[in-house]
Amino acid sequence: MPDAIIQMKDVNKWFGEFQVLKNINLEVEKNKKIVVCGPSGSGKSTLIRCINRLEEHQEGQITVDGNELNENTKNIEQIRAEVGMVFQQFNLFPHLSILDNCTLAPIWVKKLPKKEAEELAMKQLEKVQIVDQALKFPGQLSGGQQQRCAIARALCMEPKIMLFDEPTSALDPEMIKEVLDAMVNLAKAGMTMIVVTHEMGFAKEVADEVIFMDEGMIVERAETKEFFANPKSDRTKLFLSQIL
Amino acid sequence: MVFFIPKKFKAWYFLLVPIILYISLKYFLFYEETIDLGKLDGLNWVETGAWGGLSLTFIVSFFCLIFCFPVGMFLALGRRSALPTIRYISIGFIEFWRGVPLITVLFMSSVMFPMFLPEDFFMDKLVRVIIAISLFEAAYVAEVIRGGLQALPRGQYDAAKSLGMGYWKMHILVILPQALKLVIPGIANTFLALVKDTPLIFVVGLLELVGMLNLAKTNPEWLGFAMEGYVFAAIIFWIICYAMSKYSYNLEVKYKTER
């Protein structure tokens with residue numbers, strides 16, 4: 001596929017003896033929204049962490065936006081700057097205010113002037129509706145607000161791809177919706193997204209395709225409607241029957 | 001009040017004192033005329049070997065604190081480096097300096113060290129002592145800072161990396177500010193110990209406050225007043241250390257952002 005922005009070819013990865021990723025082949029086109037689901041320990045997080053090389057794969061090829069990721073990759077920082085990531089535990093920088101969290105990387109990595117970076121940050125914070133919290137510190141915010149700030153922080157780098165690693169799993173049920181809303185808006189704006197989540201409602205609403213993983217393998221990959229209507233493998237059926 | 005610490009106290013205020021003294025002595029107070037010592041110049045060159053007393057305590061502590069901190073910081077980073085050469089050098093350095101007593105280090109620096117140097121090479125004794133203590137304390141500071149680095153959750157590294165920061169940007173902007181904040185009590189601990197270790201420089205013939213006291217009590221005129229002298233020195237040390245611990249506590253409060 002020529003216009004695939006992420007390409008993974010026969011990717012294998014081991015943690016010591018344990019094989020976490022087995023022969024992963026995955027192509028993601030630009031502007032596609034992919035939801036990855038599966039039981040815990042199935043390698044979903046590892047898979048998307050490999051895409052910006054927070055984890056190193058041992059075998060196979062990963063290409064992101066035309067750059068292959070391997071030990072020789074010199075411009076890994078540049079690639080990471082184009083791939084935004086949102087974590088389960090938010091991982092905001094607690095020593096900086098919300099605004100500084102958002103402007104830190106644009107100022108120091110993209111070398112934007114401070115004023116421009118702040119305008120950009122305020123724009124992104126507005127999108128996730130926490131402008132009024134901009135001068136507070138992460139510790140003073142609720143989980144949902146922190147996660148939305150984390151989304152804004154990633155967006156401030158104006159990435160081409162956004163990776164979400166179980167963004168709602170550490171949140172109270174009440175706060176899940178506000179984060180999902182921010183993500184839905186982002187999806188509608190045309191961002192390329194890979195989302196690891198258990199929120200099947202979100203998957204049904206925005207995903208183009210759903211990937212089901214188990215024991216390090218991609219068990220099933222299908223269009224969203226197809227995936228929920230008639231899943232092919234038994235493992236997927238079992239999984240869906242348990243969570244729906 | 002002795003314990004008065006201005007609310008916006010800055011460490012560099014200390015630097016102003018000698019500068020103001022120097023200028024006022026030389027240009028405004030006309031030192032030599034005031035004390036009428038004839039041809040004696042206002043500010044004479046004094047050999048470092050002849051320096052002594054409380055000023056020496058301050059000089060040694062101050063410079064050691066300044067030097068040992070960055071060295072310790074780099075050692076702490078080095079010990080966690082992914083590059084084996086840097087890591088092993090750092091481990092070796094830290095374990096060596098932590099494994100030897102300060103008194104032998106001082107002795108080596110003043111007696112043995114010059115023997116290894118070319119004859120025309122001269123390094124002041126005080127400078128040698130300051131370097132020795134700095135390296136010694138840097139090993140301790142390194143381990144304290146490493147503790148702080150390890151206390152940070154891995155997610156902070158991940159987040160910094162995912163925003164496209166390289167090793168140095170990540171550490172300077174994200175990791176070290178948090179780690180150093182965490183270890184303020186530990187660093188203050190080490191620094192207090194350093195200040196109280198300075199009397200050991202008597203082994204190389206430098207006499208700071210306690211050294212001077214030991215010298216003074218042998219004066220026949222002051223026989224029998226050793227106790228008073230020691231109590232006085234203890235009070236001075238207590239004041240210095242209390243001020244430092246108070247300052248470190250202020251720093252903790254100042255940089256507290258959680259909740």
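Lettering follows sequence order; numbering is per chain, from 1.
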Would you say the side chain of F93(A) lies within less than 4.5 Å of the side chain of L163(B), judging by non-hydrogen atoms?
-> yes
Heavy atoms of other groups near W97(B) CH2, more than 12 under 6.0 Å | yes
Toward chain B, the part of V109(A) with a non-hydrogen atom under 4.5 Å = both
Rounding to 0.5 Å, atoms CZ (R53(A)) and OG (S162(B)) come to a distance of 15.5 Å
Heavy-atom proximity to chain A below 4.5 Å, by part of K161(B) | both
Give a yes or no on this: more than 12 heavy atoms of other residues, nucleotides or ligands lie within 6.0 Å of atom CD of Q129(A).
-> no
Tell me, yes or no, whether the heavy-atom count around Y167(B) atom OH, taken from other residues, nucleotides or ligands under 6.0 Å, exceeds 12.
-> yes
Should we count CD of E95(B) as having more than 12 external heavy atoms under 6.0 Å?
-> yes
CG of L173(B) to CG of D100(A), rounded to nearest 0.5 Å, is 11.0 Å
So with a 6.0 Å cut-off around CD of E174(A), is the heavy-atom count from everything else above 12?
-> no
Please round to the nearest 0.5 Å and tell me the distance separating atom CZ of R154(B) and atom CZ of F87(A).
-> 9.5 Å
Heavy-atom distance under 4.5 Å between the side chains of P94(A) and Q178(B), does that happen here?
-> yes
Answer whether the closest heavy-atom distance between the side chains of P177(B) and H95(A) falls below 4.5 Å.
-> yes
Whether over 12 other heavy atoms sit under 6.0 Å from K125(B) NZ = yes
Applying side-chain contact (heavy atoms from CB on, under 4.5 Å), run through V174(B) and L96(A) and close with a yes or a no.
-> CA-CA 9 Å; V174(B) 177; L96(A) 297 174; 5.9 Å; no
Of the backbone (N, CA, C, O) and the side chain (C-beta and beyond), which part of L92(A) lies under 4.5 Å from a heavy atom of chain B, both, or neither?
-> backbone
Chain B-proximal positions within residues 156-170 of chain A [heavy-atom distance under 4.5 Å] = M157(A)
Determine whether more than 12 heavy atoms belonging to other residues, nucleotides or ligands lie under 6.0 Å from atom CZ of F74(B).
-> no
Relative to chain B, which of M85(A), E82(A), R153(A) shows the most heavy atom pairs under 4.5 Å?
-> R153(A)
Return yes when atom CZ of F93(B) has more than 12 non-hydrogen atoms of other residues, nucleotides or ligands closer than 6.0 Å, and no otherwise.
-> yes
Taking N91(A) for the side chain and A159(B) for the main chain, is one N or O donor matched with an acceptor at less than 3.5 Å?
-> no
